[in-house]
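Below, each value reflects all heavy atoms present in this structure, side chains not excepted, and no hydrogens, waters or symmetry copies.
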Amino acid sequence: MPRDNTSDFYRQNAETYANRARSLPKQQLDAFLAGLARGAAILELGCGGGQDSVYMLSQGFDVTPTDGSAELATQAEALIGRPVRIMLFQELDADSAFDGVWAHASLLHVPRSELPDVFARIRRALRPGGLLHASFKAGEAEGHDGFGRYYNYPSAEWLSELLTKGGWGNIALSEYDGGGYDGKPTRWLTVSAQR
């Protein structure tokens, strides 16, 4: 996360954010998990309150939850019942260790200039054929929301080009309307890709 108001926001609002009413992205989770063998190793980047990790664990997968916020990690640990690694995306250094990477509404805080390196780190962390799921708030230019949180706001074309240049295969993008923590209507961009 950029060292600006984004990390401050999660530090100061961890309990409220982690315990907010949130619909599980079950359709996207199930689609992601369907592409993996039962028991597959999944790295969750930016687990937030831990709800997605709990669901994946309940479905029989081996999940490693991580978050860049120590305060959010503490909240997630209480829900998940296992340690959450405190790690920024830029610190990921695994090599062929995971079958899938779940990064739902988390990579959207990575500065655009750092996204190529972060995607390269994720690709390296995946085993050959491994799957990535990531979602972003769609847009045309980076900026901040009303809470001061940074967002990279990519377009589908920009993101597709970035992943293609990074060597990813089977890239699939979709867009849908939803909301966010700020309560404002949000255009979401979801991507799946394969190492």
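At least one side-chain heavy atom of Leu107 sits under 4.5 Å from a side-chain heavy atom of Ile122. Between Pro116 and Leu162 the shortest side-chain heavy-atom distance falls below 4.5 Å. When side chains are defined from C-beta on, Arg195 counts as touching Ser96, because their heavy atoms get closer than 4.5 Å. Looking at Pro25 and Asp52, their side chains come closer than 4.5 Å, going by heavy atoms from C-beta outward. Thr64 places none of its side-chain heavy atoms less than 4.5 Å from the side chain of Glu44. Proximity of Tyr153 to Asp145: side-chain heavy atoms (C-beta onward) are separated by under 4.5 Å at one or more points.
His133 and Ser192 are not linked by any side-chain donor-acceptor pair at a separation below 3.5 angstrom, with hydrogens and angles left out of the test. Inspection of the Tyr55 and Asp30 side chains reveals an N or O donor paired with an N or O acceptor under 3.5 Å. Inspection of the Glu142 and Tyr150 side chains reveals an N or O donor paired with an N or O acceptor under 3.5 Å.
The backbone N or O of Gly129 lies less than 3.5 Å from a partner atom in the side chain of Gln194, making a donor-acceptor pair. Proximity of a side-chain donor or acceptor of Arg82 to a complementary backbone N or O of Val63 within less than 3.5 Å is detected. For Gln75 (side chain) and Gly49 (main-chain N/O), no donor-acceptor pair under 3.5 Å exists by modelled atom type. A side-chain donor-acceptor contact under 3.5 Å links Arg121 to the backbone of Gln90. Panel note: side chain Ser155, backbone Glu140; no donor-acceptor pair is recorded below 3.5 Å. Checked by atom type and distance alone, the side chain of Arg123 pairs as donor or acceptor with a backbone atom of Gly167 at under 3.5 Å. Of the possible donor and acceptor atoms, none in the side chain of Ser160 sits under 3.5 Å from a partner among the backbone N and O of Ala156.
Rounding to the nearest 0.5 Å gives a distance of 10.0 Å between CG of Leu88 and OG of Ser69. For the atom pair CD1 (Ile86) and CG (Leu72), the distance works out to 10.5 Å, reported to the nearest 0.5 Å. Taken from CD1 in Ile80 to CG in Leu57, the straight-line distance is 7.0 Å, to the nearest 0.5 Å. Note: Arg85 CZ to Glu91 CD = 7.5 Å, rounded to the nearest 0.5 Å. How far OG of Ser7 is from CD of Gln12: 9.0 Å, rounded to the nearest 0.5 Å.
No chain of hydrophobic side-chain contacts below 4.5 Å, direct or via other Ile, Leu, Val, Met, Phe, Trp or Tyr residues, connects Phe98 to Phe32. Phe136 and Trp102 end up in different hydrophobic clusters when Ile, Leu, Val, Met, Phe, Trp and Tyr side chains are linked at under 4.5 Å. By the criterion of side-chain heavy atoms lying less than 4.5 angstrom apart, applied directly or through intervening Ile, Leu, Val, Met, Phe, Trp or Tyr residues, Met87 is grouped together with Leu108 in one hydrophobic cluster. Note: the hydrophobic cluster containing Val118 also contains Trp168 (ILVMFWY, side chain heavy atoms under 4.5 Å, direct or indirect links). Residue Leu29 is not grouped with residue Tyr176 when hydrophobic side chains (ILVMFWY) are merged at heavy-atom distances under 4.5 angstrom, including chains of intermediate members.
Closest approach of Cys47 and Ser53 over heavy atoms only: CB-OG, 4.4 Å. Closest approach of Asp67 and Gly48 over heavy atoms only: OD2-N, 2.8 Å. Contact record, Ile171 with Ala193: CG1-CB, 4.1 Å, taken as the closest heavy-atom pair. Residues Glu175 and Ala138 share a closest heavy-atom pair of OE1-CB, 4.2 Å. Contact between Gly46 and Ser106 at its shortest, heavy atoms only, is CA-CB, 3.9 Å. The shortest non-hydrogen separation linking Pro83 to Glu77 is CA-OE2, 3.5 Å.
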Between His144 and Asn5, does the side chain to side chain contact (heavy atoms under 4.5 Å, CB included) criterion hold? Intermediate values first, please.
CA-CA 9 Å; His144 294 79; Asn5 295 341; 5.8 Å; no
Show, in sequence, the C-alpha distance, side-chain angles and deciding distance for Arg127 and Asp99, and conclude whether the salt bridge (charged side-chain N to carboxylate O under 4.0 Å, His left out) test is met.
CA-CA 6 Å; Arg127 296 184 177 115; Asp99 302 298; 3.0 Å; yes
Residues Leu33, Ile42; criterion side chain to side chain contact (heavy atoms under 4.5 Å, CB included); working and verdict
CA-CA 9 Å; Leu33 297 177; Ile42 297 171; 3.5 Å; yes
Phe89 vs Glu114, side chain to side chain contact (heavy atoms under 4.5 Å, CB included): CA-CA, chis, key distance, verdict:
CA-CA 10 Å; Phe89 310 125; Glu114 296 177 29; over 6 Å; no
Would you sort out whether Leu131 and Leu126 count as a side chain to side chain contact (heavy atoms under 4.5 Å, CB included), showing the intermediate values?
CA-CA 7 Å; Leu131 302 178; Leu126 284 166; 5.9 Å; no
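Side-chain rings of Tyr151 and His109 approach one another, their centers coming within less than 6.0 Å.
Counting heavy atoms of neighbouring residues, nucleotides and ligands inside a 6.0 Å radius, atom CD of Glu161 does not exceed 12 of them.
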